[in-house]
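Take a look at the structure below.
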There are 2 protein chains.
Amino acid sequence: MKAGRPAQRGQCAKRLSILEAAAAVFCREGFSGASIDEIAAEACVSRQTIYNHYREKETLFTAVVEDVMDRSNAALFSVLATFPDTADNLENELTAFAVRLNQSCLCNHDGKFLRKLVYSEGERYPHLFETWRQHGPGKVGSALAALFSRLAHKGVLAIDDLDLAARQFLALVNADLQMTVLFGETPSDDLLERTARNAVRTFLRAYGVQHPAPAEA
Amino acid sequence: MKAGRPAQRGQCAKRLSILEAAAAVFCREGFSGASIDEIAAEACVSRQTIYNHYREKETLFTAVVEDVMDRSNAALFSVLATFPDTADNLENELTAFAVRLNQSCLCNHDGKFLRKLVYSEGERYPHLFETWRQHGPGKVGSALAALFSRLAHKGVLAIDDLDLAARQFLALVNADLQMTVLFGETPSDDLLERTARNAVRTFLRAYGVQHPAPAEA
DNA sequence: GTCAAATTAGACAGTATTGTCTAAAACGTC
DNA sequence: GACGTTTTAGACAATACTGTCTAATTTGAC
């Protein structure tokens, strides 16, 4: 009867197991298609346990989505922290950055889950996904814009609209891979590298300063 | 008892009505979430009629998807036919083209339906959507590449990889709007115009030939 | 008007699902 | 080892959906 959290290890493990299984099943079947029994089986847990932790299917769903969003956002910003700081070898550095971005935010489980769910259930849960939109892609745009501005100040990039450039960078980097991942294929490292390099080259042709400083002085 | 098509007008009208209603409901609720009763009600048709025309839910679903794909592809290629032929005012012409593309292929009912369905049910019907992928986005890529090649021959564009440029053009043009449309918002004409112009400007900075012919001769 | 085909409303069986409930078992802590 | 909590399996009612069937009605061509 002591205060505190009795048997939290067990509970916590169950919760995690449920969240993980639920994410997989919701992603595979969508909200209506997913059945609690299926989730329970995949989590190796009894149905009642799920109802104990999450009152009803809807509660479980929002908990899963919030969980994945948190993880996904964390991954996103941890990759943003690796944005190149030096201007040497800009193409290579940006390419490597783009590869990291695609690997940890687009081509992994969480990324695929979120994209599928945003598309299939987004309109039904506007609040849930609006939050994601603002804190995820929204913030990434501004954060990336800020990072580009550093490079612009160094004179390696010539950007008039930073936010626009950030969104276009993301569009170029993501474009080809979304559909690939969606259909269950896992892009090879080589494909990731080539896609990223193509995107970065085009981006640099549009926004890069051609020759460091030929005249003007 | 005459051969031919008895009462085809009536039948045809019902079929269209069913297809339209089914598309709306499948788009809103997904495959599992959609109920035949709901579709019947929305089509103002009895449930039995649906079962008469389409043997079962799955048959109806594939019929709907194929129908929307056909319409969507037709729209796509009819827009492709308006690709600018002259090199004067390239920015304006390409911008107008991009606006048309977004309007008739991305921001309309069919476009939204396909994107939602490809995302939510694509993995369950690989064959169905693989066909779409090849005949829709796939063919659009090559077709656009061929059109760009005409401009390249005229010396207004400098493109080494035509397919890549086509995909990047589409990525830049589509990027911002997909999410907007998804969440039920209809982008204003002004937004469409600005998005397209931004995309085209960046594309031209990357692939455009700066000054028609300053030296070299 | 006649006749065949199409459509309708509704009942119906079969199945699946959600969410509740209960009693037994497992678990963890002391 | 005892005790309270958590978990489990299963029964359970309530509901919803699919797909079939039937009998009555409407439709459209001739």
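What you see is a predicted model; the values in this text were computed from it and never measured. Residue numbers begin at 1 in each chain, while the letters A, B, ... track the order of the sequences.
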Checklist entry - How are the rings of A:Tyr125 and A:Phe61 set relative to one another: parallel (under 30°), tilted (30 to 60°) or perpendicular (over 60°)? => result tilted
Checklist entry - Mind checking whether A:Phe148 and A:Phe83 have parallel, tilted or perpendicular rings, split at 30° and 60°? => result perpendicular
Item to check | Of the listed nucleotides C:dT8, C:dT18, D:dT7, the one nearest the side chain of A:Ile36 | outcome: C:dT18
Checklist entry - Choosing from D:dA9, D:dG19, C:dT18, which nucleotide comes nearest the side chain of A:Gln48? => result D:dA9
Next on the checklist: OP1 or OP2 of D:dT8 versus the side-chain N and O atoms of A:Thr49: is any pair under 4.0 Å?
Outcome noted: yes
Next on the checklist: If the cut-off is 4.0 Å, is B:Lys14 near the phosphate of C:dT8, judged by side-chain N/O to OP1 or OP2?
Outcome noted: yes
Checklist entry - Base, sugar-phosphate, or nothing for A:Ala34, non-hydrogen atoms under 4.0 angstrom? => result sugar-phosphate
Item to check | DNA chain C-proximal residues of residues 50-59 of chain B, any heavy atom under 4.0 Å | outcome: B:Asn52, B:His53
What is the distance, to the nearest angstrom, from the [atom1] atom on [X] to the [atom2] atom on [N]?
| X | N | atom1 | atom2 | answer |
| --- | --- | --- | --- | --- |
| A:Ile18 | D:dT6 | CD1 | P | 13 Å |
| A:Arg47 | D:dG10 | CZ | P | 11 Å |
| B:Glu38 | D:dT18 | CD | C1' | 15 Å |

Checklist entry - Can you find a side-chain donor-acceptor pair between B:Glu93 and B:Thr86 that sits under 3.5 Å? => result yes
Item to check | Salt bridge present between A:Asp190 and A:Arg194 (N-O < 4.0 angstrom) | outcome: yes
Checklist entry - Any Lys/Arg nitrogen of B:Arg197 or B:Glu91 sitting under 4.0 Å from an Asp/Glu carboxylate oxygen of the other? => result yes
Checklist entry - Between B:Phe169 and B:Tyr207, does the ring centroid distance fall short of 6.0 Å? => result no
